[in-house]
Amino acid sequence: MKLAVTVNEKAHEHEVEPRLLLVHYLREVLGLTGTHVGCETTLCGACTVLLDGVPVKACTVLAIQADGAKVVTIEGLEKDGVLDAMQQGFWECHGLQCGFCTPGMILAARDLLDRNPHPTEDQVRGGLDGNLCRCTGYQHIVDAVLHAAKKRGASAAPAPSPAATAAPGAGRHA
Amino acid sequence: MIPAPFDYAAPRTIDQALAALAEGGEGTKPLAGGQSLIPVLKLRLGSAERLLDLGRIPELRAIRADGDPLVFGAAATHAAIEDSAAVRAACPLFSEVAGRIGDRQIRNRGTLGGSLAHADPAADWPAAVLALEAVLVARGPGKVARSIAAREFFRGLMSTALAPGELLVEVRVRRPGAGGTAYQKVRQSASGFAIAGVAVVLEYGADRVCKRAGVGVTGVADRPYAALAVEKALTGRRLDEATLAAAAALVVEGVKDPLSDLHASGEYRLHLARVHGERALRRAAGLAPA
């Protein structure tokens, strides 16, 4: 089938089998190997990319489902040699050990801050529960996200969305 | 992991989807968010000749939370429900359940209708629709929609009241009256599925007398169920500590053959359902955690 998709602001067209997974399309057809294949079972989040602006696990999306969509991978964050604020946060806080989970972590964490620009530590940990670090280097990952939040806050940050900041379990209705 | 080959079609309307489903027969599988179906195909636990992608049908994604009942298109994503301020105001149980499914990436793809139609015995949505006595609307080859009470929908292990050729198109939820709601679950830590999950709706006024109780349980039996004994023990009664504790003991009443796997034995699941059932009841009744 014909697939037309924009990846990191570049338009692509390819003939693909319907069963081709988005992660394999990105890695094997486009050569964008920053998106990693980890568990392949929708658990680890190493294959996280942004699909029309929201993070998804590319091992559990068919490439053809992205027809007409905009995809952003880790390779799309750096602009003119300058790292994105979250990448810079991971750099400055040593938010990685082996680095395998890092692309997914960074993309999921960016989305977390887009929805909740000033998260608490617990909200960062909860918000990244779709991404596993086999090195268990979570402390520095959390530090990196909080650092990036602070830096982003120093520049212009959008107002927090009520949905993203509401306390869980506030289930009473009048 | 790579799925076996299949054909793919992406209808733009419900009518086109129904026509394709009728024409394709057994081998044609509807693809909603794909967060269960794609893993099934990859692990080759199941197969499809053709996938019918419901993700490009705008009318299936709508959420209308301003009226009564609330109306959710079957392809509304968990994240869209989680993020809707209108849903949070009208039916906080739906917001709470949506926000506790899997993780954010899964919630961005997975859909309400996909979860219900897949009918995993440990999924979260079934507990909510059972507690709220929601109505599930299906469309078949004819033009007429069929309404199925949530409590008639789950027929067995991953088996529902949907007939071949039918699509779940809409979920209607009556706006709960004054009172409180809660969803309490123990997550399987990798997948986020419920090892035991209990959704509670309690309607009561200033006198704390329970006008209506709805309790849905997931993760425990071969299918999600409404805990009728708990509802009966609460309706018409004052919601005090002793009444809630006595009612919570009935959460697993009638469960003969609980689910049991490497994550939790049947006995442990029954225990968790009772404990978390009581926590959910207390929270919905506005009592402090025990």
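Residue numbering restarts at 1 for every chain, and letters A, B, ... go by the order of the sequence lines.
- Here the side chain of B/Q35 pairs a donor or acceptor atom with the backbone of A/T60 at under 3.5 angstrom.
- Looking at B/R56, its side chain does come within 3.5 Å of a backbone N or O of A/Q65 through a donor-acceptor pair.
- Neither the backbone nor the side chain of A/L132 comes within less than 4.5 Å of any heavy atom in chain B.
- Across all their heavy atoms, A/E17 and B/P5 have their closest contact at OE2-CB, 4.4 Å.
- Closest non-hydrogen pair, A/P18 versus B/F6, comes out as CG-O, 3.4 Å.
- Taking every heavy atom of both residues into account, B/S191 and A/L43 meet most closely at CA-CD2, 3.6 Å.
- Among A/T48, A/V37, A/T41, A/L128, the residue with the largest count of heavy-atom pairs under 4.5 Å with chain B is A/T48.
- A donor-acceptor pair is defined here as one N or O able to donate and one able to accept, closer than 3.5 Å; no such pair exists between the side chain of B/N108 and the backbone of A/V56.
- Within the 3.5 Å criterion, the main-chain N or O of B/I106 finds no donor-acceptor partner in the side chain of A/K57.
- In the displayed structure, A/E15 atom CD is contacted under 6.0 Å by more than 12 heavy atoms of other residues, nucleotides or ligands.
- Applying the 6.0 Å contact sphere to NE2 of A/H94 captures no more than 12 heavy atoms from other residues, nucleotides or ligands.
- If you check the side chains of A/D111 and B/Q105, you find no donor sitting under 3.5 Å from an acceptor.
- Heavy-atom pairs under 4.5 Å with chain A peak, among B/L37, B/D7, B/L31, at B/L31.
- Heavy atoms of other residues, nucleotides or ligands lying less than 6.0 angstrom from CZ of B/R175 number more than 12.
- A/E40 is not listed as a side-chain neighbour of B/P39, based on a closest heavy-atom distance of 4.5 Å or more.
- Closest approach of B/M1 and A/C39 over heavy atoms only: CE-O, 4.2 Å.
- No more than 12 heavy-atom neighbours from other residues, nucleotides or ligands sit within 6.0 angstrom of NZ on A/K70.
- Atom CZ of B/R64 has 12 or fewer heavy atoms from other residues, nucleotides or ligands within 6.0 Å.
- To the nearest 0.5 Å, atoms CZ (A/R19) and CG (B/L51) are separated by 12.5 Å.
- Only the side chain of A/L21 comes within less than 4.5 Å of a heavy atom in chain B; its backbone stays farther off.
- Within the 4.5 angstrom heavy-atom criterion, no atom of B/A79 approaches chain A.
- Residues A/D129 and B/R187 are paired through a salt bridge, judged by an N-O separation under 4.0 Å between the basic side chain and the carboxylate.
- Listed here is the closest heavy atom pair of B/D103 and A/T42: OD2-O, 4.3 Å.
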